[in-house]
Amino acid sequence: MNLSLPQSLSQLRGAVLADGSVVDVDISKVDGHAVVTAVRPTDERAVAPDRADVLDLRGYVLLTAPAEPHAHLDKALSWDVLRPPLGDLHDAIANWKEGSAGLDEESFRTRARTAALALLRNGTTAVRSHVDILLGPDPLRGIRAIDRVRRELEGVMDIEIVALSKVYATDELVHQALDAGADLVGGSPHSAPDPLGDLDRLLTIAEARGVGVDLHTDEFLEGDHHTIGAFAERVATWPAGRIRTAGHCTRLGTMSRTELAGLLPVIASSGIGVVANPITNLYLQGRGHPVSTPRGITAIEPLREAGIRVAAGADNVRDAFNPVGRSDALETAMLAITAAHVHPDIAMAMVTEDARAVMGLPEAGPRVGARAEFLAVRGTSVLDVIANAPADRVVIHDGKLVSVSETRTQMAVSAH
């Protein structure tokens with residue numbers, strides 16, 4: 001495709017949907033946003049108009065653009081800088097706490113921008129990033145850096161910031177983080193000396209500011225210091241629409257079904273959305289179990305059966321918490337299939353529609369009335385593109401073409 005970017009689009013032609021149908025999609029501006037106004041079978045006999053705002057997607061599978069519900073843009077791509085040892089969650093936290101003290105604001109901005117553009121190139125048009133309130137004399141430099149990246153990329157992707165607060169961050173600092181650009185209150189109460197006390201502290205700040213929360217929740221495999229029940233009970237009375245998200249929740253995956261059964265109705269009635277993070281928790285969790293190592297993924301199927309929205313995120317990318325990762329929602333979907341045993345269609349939904357719902361974003365994708373947020377991947381089906389993860393991709397944000405990737409292969413043998 002020889003196209004100028006960004007390019008506003010009025011029609012997508014000949015794309016394959018998840019159900020196998022081949023369609024044309026019309027796009028129009030409605031109340032300032034690009035919205036799908038028609039989805040109809042492609043007429044192969046019709047001649048496509050030679051217009052810049054009409055995009056030929058024959059040979060591509062058209063998906064709702066992925067959303068990344070749990071990123072750490074401030075930590076991304078720091079592996080080569082910090083050279084951390086391989087280890088578990090506690091090792092990673094210790095390495096980051098020590099190493100981040102030597103990273104200035106420009107380091108945070110440069111790495112975060114590179115990581116965000118990798119997400120965009122692979123099809124993600126909305127990102128929620130946790131950003132640490134740091135130790136030292138300038139604890140908000142990470143949040144300022146990610147806020148700057150958000151402003152630099154405005155118009156091609158949406159970035160939301162969670163102020164990730166540890167026990168050393170005072171209430172005043174959390175308020176300052178919100179003033180500096182953070183949208184949500186975050187933290188990991190289960191890791192505090194007083195888990196329920198820290199949970200109450202963070203929720204009280206969120207309530208005082210009228211903002212939502214996205215908490216790292218019960219990111220461990222053994223122990224009774226879990227906070228999900230108290231979290232759910234507290235936010236059940238919050239106004240509808242205020243974000244309440246629980247990330248990781250790996251302890252739910254190791255609970256007995258009897259214990260889990262007591263929690264599921266409480267979580268379901270609270271409106272909490274859960275985010276599983278397969279790649280990071282597969283790397284970090286279970287290192288103390290060299291035999292029959294547990295997977296370290298939340299109880300996806302029981303949560304879904306209880307009516308709880310479950311999304312999946314890529315979490316960390318090439319840092320102390322995960323040395324690998326492609327910043328690709330198709331990688332996350334693949335890991336959900338292989339490690340969590342979910343159906344490919346569910347895995348894809350967890351990184352697209354379900355991720356957007358957990359983030360409180362409007363419905364998007366190839367449905368009439370939905371926002372024009374799309375990822376088109378060269379392939380034949382949903383399973384084909386998850387399995388092969390082709391680099392040939394077209395990314396559309398708010399009806400605008402914002403990224404096109406194409407590959408070229410030469411082989412010494414025929415493909416037939």
Side-chain angles (χ1 to χ4, degrees), residues 33 65-76 105 108-109 112-113 115-116 119-120 124-134 139-166 169-189 199 201-217 231 234-235 238-248 271-275 277 309 311 313-316 354-362 364 371 373 397-398:
H33 295 284
E68 175 49 69
H70 191 114
H72 287 268
L73 294 178
D74 58 334
K75 297 180 174 74
E105 185 171 332
F108 285 104
R109 189 198 72 83
R113 193 176 195 278
L119 285 162
L120 181 66
T124 294
T125 62
V127 180
R128 179 184 291 172
S129 177
H130 297 258
V131 182
D132 280 26
I133 297 175
L134 298 157
L140 302 182
R141 63 189 184 280
I143 287 175
R144 292 197 308 271
I146 310 308
D147 180 56
R148 182 176 166 189
V149 171
R150 169 169 55 188
R151 287 181 276 113
E152 289 174 354
L153 300 184
E154 185 178 7
V156 297
M157 73 186 311
D158 298 320
I159 297 176
E160 194 174 41
I161 297 173
V162 185
L164 182 52
S165 171
K166 299 294 186 179
T170 65
D171 292 8
E172 181 182 4
L173 266 179
V174 180
H175 282 285
Q176 289 175 2
L178 293 168
D179 293 338
D183 305 286
L184 303 171
V185 172
S188 53
L199 174 70
R201 176 179 82 98
L202 295 173
L203 295 180
T204 297
I205 293 172
E207 289 165 349
R209 294 295 293 256
V211 301
V213 297
D214 187 332
L215 300 178
H216 288 57
T217 305
F231 181 11
R234 174 73 169 266
V235 301
W238 279 15
R242 185 181 294 180
I243 296 296
R244 59 211 81 177
T245 305
H248 298 288
I272 285 176
V274 173
V275 179
N277 297 293
R309 184 81 71 169
D315 203 358
N316 299 84
D354 291 336
R356 288 184 171 273
V358 166
M359 293 172 68
L361 299 172
R371 295 283 176 86
E373 302 279 339
H397 171 57
D398 196 25

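Keep in mind that what you see is a predicted model, and the values were worked out from it rather than measured.
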Kindly give the heavy-atom pair with the smallest separation between [X] and [Y], and that separation in Å.
X: Val185; Y: Leu202; answer: CG1-O, 3.8 Å
X: Pro69; Y: Asp214; answer: O-OD2, 3.9 Å
X: Val358; Y: Arg128; answer: O-NH2, 3.7 Å
X: Gly155; Y: His397; answer: O-CD2, 3.4 Å
X: Pro189; Y: Leu215; answer: CG-CD1, 4.2 Å
X: Ile133; Y: Ala163; answer: CD1-CB, 4.3 Å

Residues [X] and [Y] bridged, charged N to O under 4.0 Å:
X: Arg141; Y: Glu105; result: no
X: Lys75; Y: Asp315; result: no
X: Arg150; Y: Glu154; result: no

[atom1]-[atom2] distance between [X] and [Y], expressed to the nearest 0.5 angstrom:
X: Glu152; Y: Asp147; atom1: CD; atom2: CG; answer: 10.0 Å
X: Glu68; Y: Ile159; atom1: CD; atom2: CD1; answer: 11.5 Å
X: Ile161; Y: Leu178; atom1: CD1; atom2: CG; answer: 10.5 Å
X: Arg201; Y: Ser165; atom1: CZ; atom2: OG; answer: 4.0 Å
X: Ile205; Y: Asp171; atom1: CD1; atom2: CG; answer: 4.0 Å
X: Lys166; Y: Asp132; atom1: NZ; atom2: CG; answer: 6.5 Å

Under 4.5 Å between any side-chain heavy atoms of [X] and [Y], yes or no?
X: Arg242; Y: Glu207; answer: yes
X: Pro139; Y: Gln176; answer: no
X: His72; Y: Leu164; answer: yes
X: His33; Y: Asp398; answer: yes
X: Arg356; Y: Arg371; answer: no
X: Arg209; Y: Asp179; answer: yes
X: Arg113; Y: Leu153; answer: yes

Under a plain distance cut-off of 3.5 Å, with no hydrogens placed, do Thr125 and Glu373 share a side-chain donor-acceptor pair?
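Yes - a donor-acceptor pair under 3.5 Å links their side chains.
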
Judged by modelled atom types alone, do Thr245 and Arg309 share a side-chain donor-acceptor pair under 3.5 Å?
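No donor-acceptor contact under 3.5 Å links the two side chains.
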
Aromatic plane relationship, His216 with His130 - under 30° parallel, 30 to 60° tilted, over 60° perpendicular
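The rings of His130 and His216 stand perpendicular, inter-plane angle above 60°.
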
Of Leu134, Ile143, Val131, which meets side-chain contact (heavy atoms from CB on, under 4.5 Å) against Phe108?
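Filter result, single survivor: Leu134.
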
Verdict with reasoning, Val149 to Leu73, per side-chain contact (heavy atoms from CB on, under 4.5 Å)
CA-CA 10 Å; Val149 171; Leu73 294 178; 5.6 Å; no

